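Quantities reported herein were computed from a predicted structural model and do not represent experimental measurements. Here is how names work: the chains are called A, B, and so on, in the same order as the sequence lines, proteins then strands, and each is numbered from 1.
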Amino acid sequence: MAAAEGSQEAPRGVHDLGGLPLGPIDRHEHARTLYEMRVDAMLMLLTNPSCGAFKVDALRRAIEGYTRSEYEDLPYYDRWIKAIRGLLIEQGVLTDEQIEARVAAIRARQTPSGDAHVRAW
Amino acid sequence: MTAHQHHDHHAHPHAASEDHDEVTEYHLLEQAIRELLIESGVLTAADIQRQIENQESRTPALGSRIVARAWSDAEFRRKLVESPTATVAALGIDMSNTPELRVLENTETLHHVVVCTLCSCYPRMILGVPPAWYKSREYRARVVHEPRAVLKEFGLGLPGNVEVRVVDSTADLRYLVLPMRPAGTESLGEEDLARLVGRDAMIGTGIARNPDA
Amino acid sequence: MYAPGDRVRVDSRWQSGHCRTPYYLKGRVGVVVSAVGIYRNPERLAYHKPGLPPRRLYRVRFRQEDIWVNYTDGGFDTVEADLFEHWLLPVAEELTS
């Protein structure tokens with residue numbers, strides 16, 4: 001049941017979900033993939049005070065800025081790596097050009113059968 | 001649509017292996033950023049490996065041990081509730097650079113269930129990484145306004161005279177539920193008690209198991 | 001500054017940027033359970049600012065019946081959240097509800 005209208009003065013953020021009438025909870029669990037573990041580790045290291053590239057609050061803020069479609073459709077760790085990318089650029093740790101160039105180089109390194117599976121941007 | 005979460009219908013036997021699923025643009029992005037960060041000296045490959053191992057070593061078994069000890073030792077329980085982070089650290093669990101821990105005690109008339117409606121804050125240092133359902137939009141949206149319906153989905157029904165208290169982790173505190181000790185466990189040692197405590201009982205979407213179950 | 005037992009209303013103002021006061025609690029009245037501590041302001045940390053001076057954080061408890069229209073699940077049910085002082089407004093004790 002939604003909260004009484006009139007007491008809130010602005011629409012919700014895409015992330016601000018408490019009270020929305022959503023459906024059944026999918027309780028299926030899967031073991032974490034290496035990709036997921038790496039993204040997670042990267043975030044923990046970058047937000048650790050010894051590195052301090054950005055705070056975890058910044059990651060949340062970046063994700064909260066996604067469109068509803070991005071927020072709902074992007075898998076959890078994809079949301080993170082996309083945000084990490086933006087924050088590293090924001091903080092001048094890496095540049096967009098560097099990242100783009102490296103992605104292209106990695107794609108070029110893929111074996112021919114690997115290439116066929118890579119989804120374009 | 002990408003995503004291992006949506007493709008897997010059976011558990012992978014071991015998580016730490018290369019993905020054999022489709023390589024997506026986000027996998028490439030992760031690799032690119034990781035390589036660049038290592039090359040520019042921001043991180044090392046060893047840092048990443050160590051962090052992965054550190055995180056993988058955190059499993060609900062840590063929480064189960066803490067609960068079992070709290071059930072067995074009243075003084076430990078008192079210290080745990082009063083100074084959770086320090087008390088847990090004294091057990092040898094690394095609590096450096098983690099948010100503060102708080103312990104929520106369930107009673108016969110009070111049942112806690114933890115959520116982060118705004119993102120996915122979770123006591124990772126004790127329970128490991130959260131399950132996908134905890135991070136799901138559906139859980140985050142519904143547990144705060146229809147907790148009993150959600151608990152029923154998890155197989156838990158609670159009488160109306162029990163206060164169901166939903167705790168929304170909106171700031172830097174992380175919450176661990178201390179479930180009630182099941183009846184008939186007076187003679188059990190800590191190891192056997194720990195086996196009765198599953199992850200969901202420490203989130204609040206479940207309770208501790210009975211010894212005969 | 002609040003003490004345990006104080007009734008507070010969550011400010012329902014709109015604020016752009018990062019905010020850790022959930023929509024569903026805005027405008028709601030609850031009771032302070034405890035003063036949690038002081039913390040750098042996440043609304044500023046989110047933009048790489050120091051977030052100083054630190055702000056007081058309070059654990060606030062709400063009756064479900066006071067948050068949702070027609071909450072019929074359990075009359076004793078509650079929600080708790082950790083909210084910053086700058087999102088809380090004092091509520092005078094009322095003699096009648």
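Between B:A171 and C:D82, the shortest heavy-atom distance links the atoms CB-CB, 3.8 Å. Pairing each heavy atom of C:R59 with each of B:L104, the nearest pair is NH2-CD2, 3.3 Å. Closest heavy-atom contact between C:Y71 and B:H145: CE1-O, 3.4 Å. Across every non-hydrogen atom of C:T78 and B:E163, the tightest pair is OG1-OE2, 2.6 Å.
Crowding of C:F76 atom CZ: a count of heavy atoms from other residues, nucleotides or ligands under 6.0 Å not exceeding 12. Counting non-hydrogen atoms of other residues, nucleotides and ligands closer than 6.0 Å to CD of B:E108 gives a total of 12 or fewer.
When heavy atoms are compared at a cutoff of 4.5 Å, B:S169 approaches chain C solely by way of its backbone atoms N, CA, C and O. Neither the backbone nor the side chain of B:L151 has a heavy atom closer than 4.5 Å to any heavy atom of chain C. The contact between C:P22 and chain B is made by backbone and side chain atoms together, counting heavy-atom distances below 4.5 Å. Using a 4.5 Å cut-off between heavy atoms, B:V162 touches chain C through its backbone atoms (N, CA, C, O) alone.
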- Task: Decide yes or no on side-chain hydrogen bond (donor to acceptor under 3.5 Å, both in side chains) for B:E100 and C:Y39, but give the supporting numbers first.
- Result: CA-CA 12 Å; B:E100 293 171 49; C:Y39 297 81; 2.7 Å; yes

- Query: Do C:R61 and B:R165 pass the side chain to side chain contact (heavy atoms under 4.5 Å, CB included) test, and can you show the C-alpha distance, the side-chain angles, and the key distance before you say yes or no?
  - Reply: CA-CA 9 Å; C:R61 185 178 303 160; B:R165 182 177 298 168; 3.1 Å; yes

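For the set C:T21, C:D73, C:L57, C:L83, the entry with the most heavy-atom pairs within less than 4.5 Å of chain B is C:D73.
The backbone N or O of B:V144 lies less than 3.5 Å from a partner atom in the side chain of C:Q64, making a donor-acceptor pair. C:R20 contributes a side-chain N or O that, together with a main-chain N or O of B:T170, makes up a donor-acceptor pair within less than 3.5 Å.
For the pairing with C:V79, the side chain to side chain contact (heavy atoms under 4.5 Å, CB included) check across B:V166, B:V143, B:V115, B:V167 returns one residue only, B:V166.
Taken from CG in B:D168 to CG in C:L25, the straight-line distance is 7.0 Å, to the nearest 0.5 Å.
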